Amino acid sequence: MLALLQSPTETIQNSIENYYDEFLKILPRVALAILVIILGVLLAQVLTNFYKKQFQKKSEDPLMSRFLAQAVKIVLIIIAIMLALRIAGLDGIATGLLTAVGGGAIILGFAFQDIGKNFLAGVILAFNRPFNINDTIKVDDIFGKVKALSFRYSHIKTFDGRDIYIPNSDVLTKPVENYTADGFYRVDFTVGIGYEDDIEAAKNVIQVILDSNKEIIRDEFHENFVIEDELAASTVNLKVYFWVDTVDYRRASRVLRGLVIKEVKEALAAKDFNLPSDVIELKLYKNTPEIPFRMSKEVKKELPKKEN
């Protein structure tokens with residue numbers, strides 16, 4: 001009856017006063033809940049950093065330590081938020097939030113299929129992957145060193161300085177070539193000698209270079225050798241194979257390869273082996289214009305003089 005006798009203004013005023021009184025009652029709990037969230041986030045960061053350092057000291061897998069540290073941080077923050085809601089007396093909101101998250105996950109799963117797919121692929125790669133930090137890999141046409149693994153992508157640093165972030169789903173579903181998994185990689189190149197040269201002698205010269213180079217790997221499982229590869233138009237091509245240590249892939253596969261090529265070329269030239277270039281044949285037909293060329297003075301002297 002009293003509510004019916006009150007004017008609308010008085011009713012609104014009383015409602016505001018009641019809500020204000022209730023707010024003052026729960027204000028300490030709300031402040032405590034906010035404090036719990038702040039402390040929870042700070043504690044999660046401290047524990048994550050501590051865990052990461054300890055794990056990296058004992059583990060040889062930096063990618064795994066970083067990935068697990070991120071997961072631990074997220075779990076601790078979620079626990080802090082749920083605990084804060086309970087302290088604030090918002091158990092119903094916490095329960096509803098969990099229900100909403102469960103239902104929303106299904107909806108968001110369809111809306112953000114790529115994100116969810118990359119996240120799950122990241123979890124799988126964290127525990128079972130074909131590479132480690134600083135491994136040289138090739139995924140599709142992307143070639144470089146592994147720098148980091150996150151929940152959504154893998155960070156690859158190419159040898160020309162580009163930073164490429166490959167979605168984890170691509171890393172998981174496409175072939176991954178790891179050039180440094182066991183630390184060994186076989187390099188090869190081709191060298192051509194003349195048809196008139198002694199093939200076995202040329203192979204021996206190259207083999208001595210391979211056997212004397214201290215940076216080339218040689219053991220019972222890794223053999224370095226030279227074989228006949230092709231009878232080309234103007235050369236007999238020899239294929240040179242040798243193994244290198246891929247701790248520094250660029251140094252082993254590029255710099256060392258160039259040094260060996262240079263040494264082989266100089267050694268063959270010193271032994272008077274011919275290193276002929278490709279023979280080019282020019283054919284002049286009736287409707288082809290004349291091709292001008294110069295003749296050296298020595299050749300001109302050797303040519304027979306025309307009679308008057």
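Here, residue 1 is the first one in the sequence, and each next residue gets the next number. All values derive from a computational prediction rather than experimental measurement.
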> Where do Ile166 and Asp140 land on the side chain to side chain contact (heavy atoms under 4.5 Å, CB included) test, with the steps shown first?
Replying inline: CA-CA 10 Å; Ile166 309 175; Asp140 206 3; over 6 Å; no

>> Between Ile137 and Lys145, does the side chain to side chain contact (heavy atoms under 4.5 Å, CB included) criterion hold? Intermediate values first, please.
In response: CA-CA 6 Å; Ile137 68 171; Lys145 277 191 173 184; over 6 Å; no

>> Checking Leu210 against Val226 for the side chain to side chain contact (heavy atoms under 4.5 Å, CB included) test, could you report, in this order, the C-alpha distance in whole Å, the side-chain angles of both residues, the deciding distance, and whether it holds?
In response: CA-CA 9 Å; Leu210 299 181; Val226 187; 4.1 Å; yes

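For the salt bridge (charged side-chain N to carboxylate O under 4.0 Å, His left out) condition, no pair includes a residue of residues 31-47, sequence neighbours left out. Screening residues 161-183 for ring pair (Phe, Tyr, Trp, His ring centres under 6.0 Å) gives Phe143-Tyr179, Tyr153-Tyr165, His155-Tyr165, Tyr179-Tyr185, Tyr179-Tyr249 as the qualifying pairs, with residues at least two apart or on separate chains.
By the criterion of side-chain heavy atoms lying less than 4.5 angstrom apart, applied directly or through intervening Ile, Leu, Val, Met, Phe, Trp or Tyr residues, Trp243 is not grouped with Ile261; the two fall into different hydrophobic clusters.
Between Lys203 and Glu228 there is a side-chain heavy-atom pair separated by less than 4.5 Å. A heavy-atom distance below 4.5 Å is not found between the side chains of Thr235 and Leu275.
Remark: Asp188 engages Lys239 in a salt bridge (Lys or Arg N to Asp or Glu O under 4.0 Å) (not counting sequence neighbours).
For the atom pair CG of Asp198 and CG of Asp272, the computed distance is 13.0 Å after rounding to the nearest 0.5 Å.
Using modelled atom types and a 3.5 Å distance limit, the side chains of Asn178 and Asp135 yield a donor-acceptor pair.
For the pair Thr180 (side chain) and Thr136 (backbone), a donor-acceptor distance under 3.5 Å is present.
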